[in-house]
Each structure stands twice: as structure tokens, then as C-alpha cells.
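Structure record follows, encoded as C-alpha cells.
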Protein chains: 4
Amino acid sequence: MEKTTVNLHSRPKLKSPVLVEGLPGMGYVGKLAAEHLAEELHAQKFAELYSPFFPHHVVIETNGTLRSLRYEFYHAHADSKDIIILVGDVQPVSSEGHYEVAERVLDVAKQFGVKRLFTLGGHATGRYSRGKPKVVGVGDSKLLKEFRARGVTIEKGGGPIIGAAGLLLGLGKLRGIQGVCLLGETHGAVVDHRSAQAVLEMLVDVLGIKIDMSALERRAKKTEQMLERIRREIERRERKERRAEEKEAWYIG
Amino acid sequence: MEKTTVNLHSRPKLKSPVLVEGLPGMGYVGKLAAEHLAEELHAQKFAELYSPFFPHHVVIETNGTLRSLRYEFYHAHADSKDIIILVGDVQPVSSEGHYEVAERVLDVAKQFGVKRLFTLGGHATGRYSRGKPKVVGVGDSKLLKEFRARGVTIEKGGGPIIGAAGLLLGLGKLRGIQGVCLLGETHGAVVDHRSAQAVLEMLVDVLGIKIDMSALERRAKKTEQMLERIRREIERRERKERRAEEKEAWYIG
Amino acid sequence: MEKTTVNLHSRPKLKSPVLVEGLPGMGYVGKLAAEHLAEELHAQKFAELYSPFFPHHVVIETNGTLRSLRYEFYHAHADSKDIIILVGDVQPVSSEGHYEVAERVLDVAKQFGVKRLFTLGGHATGRYSRGKPKVVGVGDSKLLKEFRARGVTIEKGGGPIIGAAGLLLGLGKLRGIQGVCLLGETHGAVVDHRSAQAVLEMLVDVLGIKIDMSALERRAKKTEQMLERIRREIERRERKERRAEEKEAWYIG
Amino acid sequence: MEKTTVNLHSRPKLKSPVLVEGLPGMGYVGKLAAEHLAEELHAQKFAELYSPFFPHHVVIETNGTLRSLRYEFYHAHADSKDIIILVGDVQPVSSEGHYEVAERVLDVAKQFGVKRLFTLGGHATGRYSRGKPKVVGVGDSKLLKEFRARGVTIEKGGGPIIGAAGLLLGLGKLRGIQGVCLLGETHGAVVDHRSAQAVLEMLVDVLGIKIDMSALERRAKKTEQMLERIRREIERRERKERRAEEKEAWYIG
């Protein structure tokens, strides 16, 4: 394998589909959201992508078999809309690899007439915050308006978006495909179902489709509880340290 | 050399051979096992592989000559079975190089009609354990059954397998060649003949061939003794530290 | 995108233009100078360059849209001279990428009949110095004389020039295009409008064109004030430390 | 420049020339030796090699001009022998680049009928030793005998030789060109004319040519004096530390 390769298993007939991407990244937000979407829509796999720009290791499946790292393309039909969902094990290793793989994904998008790209990811804050995670959006102005109306914060001139979620949109734009990148706020160090849920809710609302969120919600609750425990532990320690400092201050005084 | 190159010295006629791979890696387990197999079966070299993806250094031989880094393909005939054995000096430097070199190896496998791949390696535990090292297997379900019957542990959904042993199987599968990866438990920091022996015993048993293990066993004994010395030294130090701590505790008390 | 790509938006007719390059680097000196030049000359964009050798991220614009990283080519006409100005978001990631991208830039230069290259950059000193930053020049001997007459210091046998500013000249020379690299002295850790102004003043003087420097001057003043504050703070701390040391010395004595 | 490129300035007619290589490396031993050889033989430059695998910087010459990094091929005629001398500014950045550039050098060697390769370099010991530096040789057995007769130590099964000096021989052998690598012992952190002289003396003796060593000898004396100073300073400090320790021991005792 000297080049990134797409193996097409079937050629589904799709009418102006949108492509939803969710690959591993910050808090696994994008991957969790896209996988949940594929699951709930009973999406069918129709293609796999392999690349020499992926890391040089393999995945061991739960039945003891192994397989090469890959991206998977699924298609689904919901509320009279065709959707392609892209999920995968990894992101490419090098910058050069990122560009090549993104172009191969866009080749598939073009081949099936994709008109809109929605890339999902996490926006690392390094904080364990309470409440519903904020969802940040960047991309095509027209599309962004629809998201803003639903509560998405428009990111203006912030830092760069690193990796596939940004690159697919940037390179897609050069090839005439508009889209939006939705980033759920997340701590960054924890697999975050809660943030994935927030991102997915925004997406399906704009897409005008309905999916069952209960499975993701259940997992999100667990994330919530874990984050709450971590937060309390941090607060407990800070209080303890503060008291220790006060005591010390008193003695010295 | 801009591309990985295979120099064929001869074209042995082989009947549905299996390919056994053992390259440098954790504890040198795979390399030791495959080299011992080649030696005991009086295997004949029929090809060499060179690659610009290998490190930019050369090997100095014991007679003062030097040569480029390479993989070597040997063939052997044992108990009416044809076997190709792949050994080598190194593994490729980059992920991209790993993929290219693995594909060139699979080209050779395809050319000679290889039906089964057996890749050998070590599974680093970071511990110096006593007794026979466990052998872990992943790969084709049918083949795995035969190994399980002989005591191989089937790895289910564990971490990734990094490097040639996994990649050859992953990419081989995409090209229709099934196989199994056998990993002997090993500390990781010590060249481990003991683990190589454990892996090789499993392999030859399933292959249905017999080889003399005495040379490997002799070296394995030395590994055993070295590991035993390291283990005792570690225990001695731990005891000493524990006593020092107890003494200290007594004084303070 | 497997190769660096130039998208030509128009084909301006230019008469023996010079090319002025200013990409991000030390103190952003080159980029600031070239962008100011383009702005003041009301230069028109006629081409964009995209490359898989750029980092794998995208830029978020102030209106919430995003775009791929790129170089931009502008053309301007001033005092009967044609000028191409090259600015960009980044420099390539790898050495190999640096060479490929530089050759593509030179392709554009050749296509439009460029006879002279002027590359702008910063020369990091690690010091916050007062007064007008020195401008250092290297390149074609004849051209250098004109700069020396205006106060540019000729760098002789110093360290290497790393990145696009040097590489474009080195590779340009091999293709028959002469030029000069102008480096403004700068601390290195601060965005330095002051140094950019010094470099640009030298350049326009030799080019024989006039541009309004007031906007750059205003920003340069701010840099000046910031550097002055940093310098005073450093001096204050040094004095404090010195006094603390003297006191200590006295007690010990 | 996407590929390594050789610019031939002339096509000298050479009779079975040998190629002597000396590129930057440990102690600059190889480069110093090869450059001295070229100088003393009044060798003529006939080719330059440029590569995208070289670092992305340029060299500033002592007259303020700059140029791309390069290898240079010189030819000389001495005592009825034709000699090609390869010197250069750098070695390639990546392993892959090392392989490509070495093959392009061998293309030139083949084109001019080179029968023997002599690669020169340093062998870092990390020690400042007195006396004539040992010269170590590896390579073709027949050629090595001639060197052994003159005092070269044959390295048997030692560590790898990293970089161009080894790689050219390894890849040359695969293309039917035999040769020897001569490595002068050197500290590694100091530019070592003394070691370069030792290596060059061995080489010219075997080549059967005579060159004036006085310039190299003068510089070698300076290296000698510098090394002597460093050695004395190290000894002085060690003595001081030892005395301090003895004193301390006395007090405790």
C-alpha cells in the first residue's frame, strides 16, 4: 500500500447526501457522536479506506482477530434525507498524510454527490465544567446561521482547528463543498459522551432528522457523574491546601 | 534506491508454503525464533529485500566487511511442508515505510503462493516472571483454535500490535492471506531466548514439523539464569529497603 | 492534494516585476513588512498556493468561516514598477516540503518574468535593544551594494538562514534569478513592527517607490513602548537582585 | 526541486577513477581529509548535487552572497591515477533522503567508471587521547589487507556505521563497486585535524600518491594543543576533587 486506498463494497444510490464525519480526537467527541448516529440510523457500511499514512499498528478485535486501521463509510436514509457517515480508528500520522487522506475522503464525497459536510469534534478547555457543554461552530456563513438559531456559538478568529475535522472543510471548500464544523466543549483528557450528545443534538436538529438519544444519554450521565467526582475531589484538595496555608500563616504571624 | 527492492536469487518451486516472519522487536523474541527455525531446517536463502525506509546505517560483519540493512527470505522443506522464513536486521523507520515494506513482503508471499502467515514477536510485560512464558495469539479464528488447543492464550480486544508482526497480518488479510500472530511474554529489556523457545514450540506443533530445540534450549537456560539473578537482586534490594524503613519507623516510634 | 498546487485567479501582464516575499518567521518581521507593502500599494491578489506540506490545520476567519492554509500572490504597480508580493499563513512543515514549495513559488516567478527576488525576515538576537533595528543583507553582490549605500550591513560568512527567505534565494539563483535577503534585527519572541518598518524602508528606497509608512509607524511605536516596558522591568529586577546579593554579602562578611 | 539533482559542469575523461568521499560528520574528520586532498591535488570541480532532502537552509559565503546546500564533485590526476573527490556542506535530513542521495552519488560514480570507493569519517570515542589517532577500517576484504599492512585496525562486528560513509559502501556493493571506509578515532565534540591527517595518510599511501601534508599538519598541531589543554584542565579538576574527597574522608574518620 503506497497510496491511500478506498475499497468500495457497494454503490448506494444517494440523493444529494450530506457527509457527517467523526474521527478520534479531543474527548472522542466527534467519534462518539458519529458512531451513535450510524448506530441509531442503522446505517450500512459501503466503503473502507486504508492508508500508509496511518500508524503502523493493527487493531485486535474482541474475538481475537486483528485487522488494519481504517476509515469506514456508512450510508443511511432518515426522514427522506440521505446521509453518509464517516468514522474511523485513527487520524493520519503526518501533515502530508492528513492532506492525502482528506482528499481521498473528498473523492468519495464527490463521487456520491455530497453537497454538505458536517465535521464533528471536541474543543479542549482543560476544565471540568458543569451543565450542558457549549457547542462552537465554524464554516459556511449560511449554514452557520441555522446553527446559531439553535444555540451554537460562532467562533470568530480563534485558534486553528487541527486535524481532519478542519482540513476536510478547508479542502472541501476548495473543491466546492460547503460545510460546518461543530466542536463540543470538553475537558480533553476524558472520553466525553456528554459533549458528544450536545454536538449531535445540534446536528440532527439542523438536518431535520430524529434519532433516539437514550443510549448516548445514559453514557453521558456516567460521564457527568465521573466529571462530578473529579470536580469534587479537586475542590476538596484545594480546600485542604487552603486551610493548611491559613494555619501556617497563623503560626508564622 | 527510491523504492523498496526485492532481489530474487532463485525461484524455488514451493507447494502452498506458509510464511514465518521474525524481525527484531520486543526481547528479540520473533527474530530469535525465526532464525532458530531457519538454522535447524537448513533453510536456503532465495531473496533479499532492501529499502530506503530502513535506517541510514550499515552492518559491520564479523570479518570486517560491511553491508546494507536487509530482510532475508529463506525456504525450507520439512515433513513434506514448504516453509518460507523471513528474518531481517531491522524494521522500517516510519509508518509509511512500514506499510510499503510490508506490501513488498506480501508481493513475495503472493508470488510463491503463500496461504498462511505466521508472524512471531514478543509481548512486553516489564516483569521478570518465573516459569514458562505465556504465548498469546491473535488472528484468523480457525487457525487460532488449533493454537488454543495447544495452550496459546487468545488475546481479545487488547492494545494494538505495533510493527511488522501485526501489519503483515492486517495487510495480508486485505489481500486474502490469513494468518496468526504469536507473541511470547517477555520483560522487554532483555534478549529472551526462553520466550522465543515458547513461541517456536507452539508454532512447530501446529505446523506439524519437528525441529531440534536443544541449541535454543541451551541459550534459553542462560536467559533463565540471568533473569533469576536479576530477580534475586531486585528482591534482595527490596528486602534491604524494607528493613531500613522498619528500622527508621522504630526509631521514630 | 498530493502536490503543492497554485490556483491562478488572473494573469496580470507585468513588465520585469520584482518579487517581494514576507512569510511568518522571527518576530513576524517579513510578514508584517510584506503585508504593509501590499496594503499601501493596494495590491491585487492573482494567485493562491496550497500544499500538503503545510501543517494539517485550518484558519478561522473573523467572520466564523474557515479556510485552508495558503500563500497569496499579489501584484501592484508603483512608480512605473511592477511588483509581486508573496505573503502567507505559514511555512512548510518538513525540509522536503520547504524545497517543493519554494520551487512552486519560483515557477510562478518565472511565469511572470520576475528578474529580482527580495526576501524579508527577522534576525533573532534575543535582546531588547533600543534605537533603530539594524538591517542585515545577504545575496547578489551588485544588488547588495545599493543596499549598503543605504545603511544595510552586509552579513559575511555568518550562520545559515533557515526557511523560505533563504531557500527561495538559493534555489532562485540556481534558476537564474538574483536577489537579496533583508533581515531586520529583532528579539525573536515579540511581534516586531519596528523591525518590519526598518526592513521595509530599506527595500522601498532601493526599489525607488514611495509608500505611506504611518500605519506601520503607529504600530511600531507600540512595539517600541512594549519593548521599553520589558527592558525596564528586566533592569528593575536585576537591580533588586544585585542589592539582595550585596546585602547577603555584608551579613556573611 | 522534488528530486535530488546532479548538475554536470563538464565531463572529464577519467580512467578507472577511485572516488574519495568526505562529508561532515564526527569531528569533521572525513570532510577535512577530503577537502585537504582536493586542495593539494588542485582538483577541478565538475559537478554539483542538490537535494530536497538536505536541510531547509542556505549557506552565507564570506563575501555576503548566499547559496543552496550542495555536494561537490572534483576530479584530480596524481601519479597517473584519476581520483574523484566528493565533499559537501551537509548530510541528508531523513533516512529516506540518505538512501536517495547515496544512489545519485553512485549514479555519478557509475557514469565515470568508478571501480573503488573510499569513504572517510570519524569514529567518536568521547575521550581526549594522546598520540596518533587510531584509524579503523571496514569494507572489502582484499582492499582491507592493504590497509592492515599499513597499520589500519580492522573493525570486526562492531556497531553500525551511521550516515553517508557507510551507506555509500553498502549500496555501492549492491551495484558492484567495492570499497573501504576509513574512520579516524576522534573525541567527537572537537573539529579534529589530527584525526583527519591520520586517515588521509593511510589513504594516500594505499592509493600510491603523494601529497603535501604540511598545511593539515599545522592545523593538526593546533588541534593537538587544544586537546592537550582540555586534557590538563580535566586532570587538574579531577586531582582537586580527589583531594577534597580525601580531606573530607579524614574529617569524618
Side-chain angles (χ1 to χ4, degrees), chain A residues 1-10 23-25 28 31-32 35 45-73 87-105 108 163-164 167 191, chain B residues 2-4 23 25 51 53 91-107 117 119 121 123 136-145 147-148 152-175 178-183:
Chain A
M1 190 176 298
E2 286 90 61
K3 295 243 152 216
T4 301
T5 307
V6 175
N7 296 348
L8 273 187
H9 302 174
S10 68
L23 292 167
Y28 273 63
K31 186 177 160 77
L32 292 172
E35 284 182 349
K45 178 151 77 171
F46 68 99
E48 288 172 355
L49 178 152
Y50 295 92
S51 177
F53 293 109
F54 288 160
H56 54 289
H57 58 74
V58 291
V59 168
I60 306 178
E61 304 271 23
T62 47
N63 63 352
T65 59
L66 58 72
R67 62 170 180 78
S68 285
L69 298 169
R70 68 187 178 201
Y71 283 4
E72 295 174 297
F73 293 87
V87 294
D89 300 310
V90 287
Q91 295 210 12
V93 169
S94 65
S95 277
E96 215 187 320
H98 261 285
Y99 278 86
E100 189 189 276
V101 171
E103 291 288 1
R104 292 298 75 74
V105 167
V108 174
L167 213 58
V191 174
Chain B
E2 285 89 62
K3 295 244 151 216
T4 301
L23 291 167
S51 177
F53 293 109
Q91 295 210 12
V93 170
S94 65
S95 277
E96 215 188 319
H98 261 285
Y99 277 86
E100 189 189 274
V101 171
E103 291 288 1
R104 292 297 75 75
V105 167
L106 292 170
D107 286 349
L117 287 171
T119 65
H123 173 53
V136 166
V138 289
D140 178 59
S141 323
K142 261 194 208 165
L143 278 170
L144 272 180
K145 267 185 206 162
F147 283 100
R148 189 164 45 190
V152 167
T153 310
I154 310 306
E155 185 71 23
K156 290 181 178 171
I161 302 178
I162 295 165
L167 213 59
L168 277 171
L169 285 186
L171 296 174
K173 206 172 159 185
L174 290 172
R175 292 171 72 167
Q178 292 289 352
V180 159
C181 174
L182 295 176
L183 301 170

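Residue numbers start from 1 in every chain, and the chains themselves are labelled A, B, ... in the order their sequence lines are given, proteins ahead of strands.
- A distance of 8.5 Å separates NE2 of A:His56 from OG of B:Ser94, quoted to the nearest 0.5 Å.
- Taking each heavy atom of B:Gly170 and A:Ser68 in turn, the nearest pair found is C-OG, 3.1 Å.
- Only the side chain of A:Val93 comes within less than 4.5 Å of a heavy atom in chain B; its backbone stays farther off.
- Summarising the local packing, NZ of B:Lys145 is surrounded by 12 or fewer heavy atoms from other residues, nucleotides or ligands at distances under 6.0 Å.
- The CG atom of A:Asn7 lies 6.5 Å from the CG atom of B:Leu174; values are rounded to the nearest 0.5 Å.
- By the 6.0 Å contact criterion, OH on A:Tyr28 is open, its count of non-hydrogen atoms from other residues, nucleotides or ligands being 12 or less.
- Residues A:Val58 and B:Leu169 form no side-chain contact, since every pair of their non-hydrogen atoms from C-beta on lies 4.5 Å or further apart.
- Of the inter-residue distances, the one linking B:Glu155 atom CD with A:Leu66 atom CG reads 11.0 Å to the nearest 0.5 angstrom.
- You'll find the side chain of A:Phe54 reaches within 4.5 Å of the side chain of B:Tyr99, heavy atoms only.
- For B:Arg104, the part lying near chain A is the side chain, with the backbone staying farther off; criterion is any non-hydrogen pair under 4.5 Å.
- Counting only heavy atoms from C-beta outward, the side chains of A:Ile60 and B:Lys156 never approach each other to under 4.5 Å.
- For chain B, the option among A:Pro55, A:Pro52, A:Gly97 with the highest count of heavy-atom pairs below 4.5 Å is A:Pro52.
- Heavy atoms closer than 4.5 Å to chain A are found in both the backbone and the side chain of B:Leu171.
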